Amino acid sequence: MGYQKPKGTMDILPGEVEKWQYVESVARNVFKKYDLHEVRTPMFEHLEVIIRGVGDTTDIVTKEMYDFEDKGGRHITLRPENTAPLVRSYVENKLFGPEHQNPYKAFYIGPMFRYERPQAGRLRQFHQIGVEIIGSSNPAVDVEGILSALDFYKELGVEHTKLVINSLGTRECRMKYRQALIDYLEPKFDELSKDSKRRLHDNPLRVLDSKDEKDKVIVENAPSILDYLDEYSANFFNEVKALLDGLGVDYEIDHRMVRGLDYYNHTVFEIMSNAPGFNGAITTICAGGRYDGLVKEFNGPETHDAAFGYALGLERAIITMEAEGVEIPTATDVDVYVVGLGETTNMETLKLTQAARNAGFVSERDYLNRKAKAQFKSANKMNAKVVLTIGEDELANKIVRVKDMAKKEEVEISLSEMYADFGQIIGKIIAG
Ligand code: ATP
Ligand code: MG
């Protein structure tokens, strides 16, 4: 048996990769409008960075990490997410200084690694597009962040989305709520799933997030965190809602929505898709929230210790587009195809192809010494707008045949004339 890629990974091949490039370019264009700037951090980090950031009782840290000791004895992990690495980088590079953008507005695009049970839209190497805005506790930042994600899906042509928000308040609110939740869940302990039994005491809020059907029923009547918000948290959440209302953004509130990472407080949100192609299944395609406190956790300055961010799955964005029947451009079209006939024309065929490329056109040729008919078939398949033909006779007469594929007209032009004015001649034909 031949070699196979590791479970939960993908080869993104031509025909498919264009979708990725397209989605990435849409993200870049949207984020540019928001003054968000790309950051590229390493694919692996010291394990400590992730534990500090994500929390040591989360699924990500306890079950899903690709960690190892490197040859120098350092405990390293492939990054499972990019908020902690970004905050690490923000503090390490002192991006809070007066010469820097404040708040710091960053985005990233890249692979993340989690040891999960692979299924549709769930991989071990997957890709996230994410935004982090660090240094402001203005609720407008939360709303702007959410809007940038909604804009992204809108630009992709994804329409069946639903925005869900909640507030987790401050750590103090959560501590009080935590106890209320434990009090509610404890009498039902025996009915909880194995995972939730374990979570009940080290991370009870995670029980609310359980995907187990029985857990979901139990959790339905759990107390609401929104009843435990202190004054600042309640005001903050009201302000977020008022801003969303003011901008005419539709949303739902789900008081049971918590996130899988420990660093969140105040606003959390998810964007869900109920695309027709999902046949009623609802999937989270984007998730994030506010993480005041994380900058300080990384020894950054208290003055810049307020932040908001989110991450969305690239695979899930593409699956969602497909489920909504959005056309994704995957063109392999060329402008100029050069038909070279006979082995002696190999050099001139290459020269013509290069001349086309140098003049700014997408150009392709035959490399297999195929017959004219087969080469024209390739040209048609690639929707070539112009076909140049050079055979042994043409070469001897120092000419090339130039065919306008739209008008189906062919003319002979001398090679010297052609090379002198390549861009003009081809450009005119393509312009029609
Ligand atoms: P889930 O509840 O689906 O496991 P999560 O809470 O672990 O998601 P986050 O860590 O918040 O997800 O990541 C944000 C987004 O990244 C998700 O909404 C999803 O689009 C994507 N994502 C997360 N894990 C995976 C994965 N293993 N494969 C593909 N996409 C993923
Ligand atoms: Mg997960």
Side-chain angles (χ1 to χ4, degrees), residues 6-10 12 20 23-24 27 50 53-55 57-66 77-86 107-132 145-146 148-150 152-153 156 158 161-166 168 193 195-196 199 203 205-212 215-216 219 254 256-264 267-275 278 281-291 294 308-323:
K7 193 173 165 187
T9 65
M10 279 204 311
I12 308 164
W20 287 68
V23 171
E24 289 166 10
I50 304 300
V54 177
T57 61
T58 57
D59 284 357
I60 291 180
V61 165
T62 56
K63 297 198 291 201
E64 299 175 357
M65 203 96 80
Y66 274 96
T77 183
L78 300 187
R79 61 182 188 189
E81 60 96 60
N82 213 25
T83 299
L86 231 106
F107 77 88
Y108 58 84
I109 300 180
M112 307 295 154
F113 307 86
R114 295 184 195 175
Y115 193 76
E116 303 209 60
R117 208 148 52 86
Q119 48 191 287
R122 190 175 296 285
L123 289 118
R124 290 184 174 173
Q125 174 173 334
F126 62 103
H127 299 75
Q128 284 185 334
I129 298 179
V131 160
E132 314 291 348
I146 292 171
S148 70
L150 291 172
F152 164 76
Y153 290 114
L156 285 183
V158 168
T161 56
K162 184 171 81 170
L163 168 64
V164 183
I165 62 168
N166 189 24
L168 302 179
S193 69
D195 274 340
S196 290
R199 288 180 191 127
N203 201 343
L205 268 69
R206 298 284 291 129
V207 177
L208 299 178
D209 204 24
S210 172
K211 289 171 182 86
D212 180 274
D215 288 351
K216 282 187 189 167
V219 147
D254 178 359
R256 280 179 298 263
M257 188 178 73
V258 293
R259 302 286 318 125
L261 306 98
D262 279 354
Y263 48 63
Y264 287 119
T267 321
V268 289
F269 80 100
E270 289 188 2
I271 298 174
M272 326 262 244
S273 162
N274 54 354
F278 289 153
I282 294 176
T283 325
T284 300
I285 51 177
C286 171
R290 181 161 276 282
Y291 52 92
L294 199 58
F308 181 88
Y310 65 83
L312 60 90
L314 238 158
E315 288 83 357
R316 286 189 206 178
I318 292 172
I319 293 172
T320 308
M321 289 167 79
E322 289 169 346

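None of the values given here were measured: they were computed from a predicted structure. Order of listing sets the numbers, starting from 1, for every ligand and every atom in it. Basis for what follows: all heavy atoms, side chains included, without hydrogens, waters or symmetry-related copies. Residues take their numbers from the sequence shown, with the count starting at 1.
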Exercise. Tyr153: what forms a ring pair (Phe, Tyr, Trp, His ring centres under 6.0 Å) with it, not counting sequence neighbours?
Worked result: none
Could you go through residues 120-128 and list every donor-acceptor pair under 3.5 Å that involves a side-chain atom there, pairing it with any protein atom two or more places apart or in another chain?
{"from": "Arg122", "atom 1": "NH1", "to": "Glu116", "atom 2": "OE1", "distance (Å)": "3.0"}
{"from": "Arg124", "atom 1": "NE", "to": "Glu116", "atom 2": "O", "distance (Å)": "2.7"}
{"from": "Arg124", "atom 1": "NH2", "to": "Glu116", "atom 2": "O", "distance (Å)": "3.1"}
{"from": "His127", "atom 1": "ND1", "to": "Glu315", "atom 2": "OE2", "distance (Å)": "2.8"}

Problem set entry | Greater than 12 external heavy atoms within 6.0 Å of Tyr66's OH | yes
For this session: Examine ligand 1 and decide if any of its atoms is less than 4.0 Å from a heavy atom belonging to Glu81.
Result: no
Exercise. For ligand 1, is Arg124 a contact, meaning one of its heavy atoms is under 4.0 Å away?
Worked result: no
Exercise. Would you call Asp215-Arg199 a salt bridge at under 4.0 Å N-O?
Worked result: no
Seminar exercise, completed: If we number the atoms of ligand 1 from 1 as shown, the ones under 4.0 Å from a heavy atom of Gly121 are 28 (N), 29 (C), 30 (N)
For this session: Answer with side chain, backbone, both or neither: which part of Ile285 has a heavy atom less than 4.0 angstrom from an atom of ligand 1?
Result: backbone
For this session: Could you tell me how the ring of Phe269 sits relative to the ring of Phe308: parallel (under 30°), tilted (30 to 60°) or perpendicular (over 60°)?
Result: parallel
Problem set entry | ligand 1 to Gly313 polar contact by distance, N or O atoms, under 3.5 Å | yes
For this session: Tell me which one of Phe126, Tyr264, Tyr310, Tyr115 gets a heavy atom nearest to atom 25 (C) of ligand 1.
Result: Phe126
For this session: Name the option, out of Gln125, Arg122, Met112, Glu64, that contains the heavy atom nearest to atom 1 (P) of ligand 1.
Result: Arg122
Exercise. Roughly how far apart are Met257 CE and Leu168 CG, rounded to 0.5 Å?
Worked result: 8.0 Å
Exercise. Do any nitrogen or oxygen atoms of Leu312 come within less than 3.5 Å of a nitrogen or oxygen of ligand 1?
Worked result: no
Exercise. Just checking, is any N or O donor in the side chain of Tyr291 or Thr83 under 3.5 Å from an acceptor N or O on the other one?
Worked result: no
For this session: With heavy atoms under 4.0 Å as the rule, classify the contact between Glu270 and ligand 1 as side chain, backbone, both or neither.
Result: neither
Seminar exercise, completed: To atom 19 (C) of ligand 1, the nearest of His127, Arg117, Arg316 on a heavy-atom basis is Arg316
For this session: Have a look at ligand 1 and work out which part of Glu116, if any, has a heavy atom under 4.0 Å from it: side chain, backbone, both or neither.
Result: side chain
Exercise. Charged N to carboxylate O below 4.0 Å: is that the case for Arg206 and Asp59?
Worked result: yes
Exercise. Ignoring hydrogens and geometry, is there a side-chain-to-backbone donor-acceptor pair from Arg114 to Pro80 under 3.5 Å?
Worked result: yes
Exercise. What part of Gln128, side chain, backbone, both or neither, has a heavy atom within less than 4.0 angstrom of ligand 1?
Worked result: side chain
Exercise. For ligand 1, which atoms sit closer than 4.0 Å to a heavy atom of Ala287?
Worked result: 11 (O)
For this session: Say whether Arg114, considering both its backbone and side-chain N or O atoms, lies within less than 3.5 Å of an N or O atom on ligand 1.
Result: yes
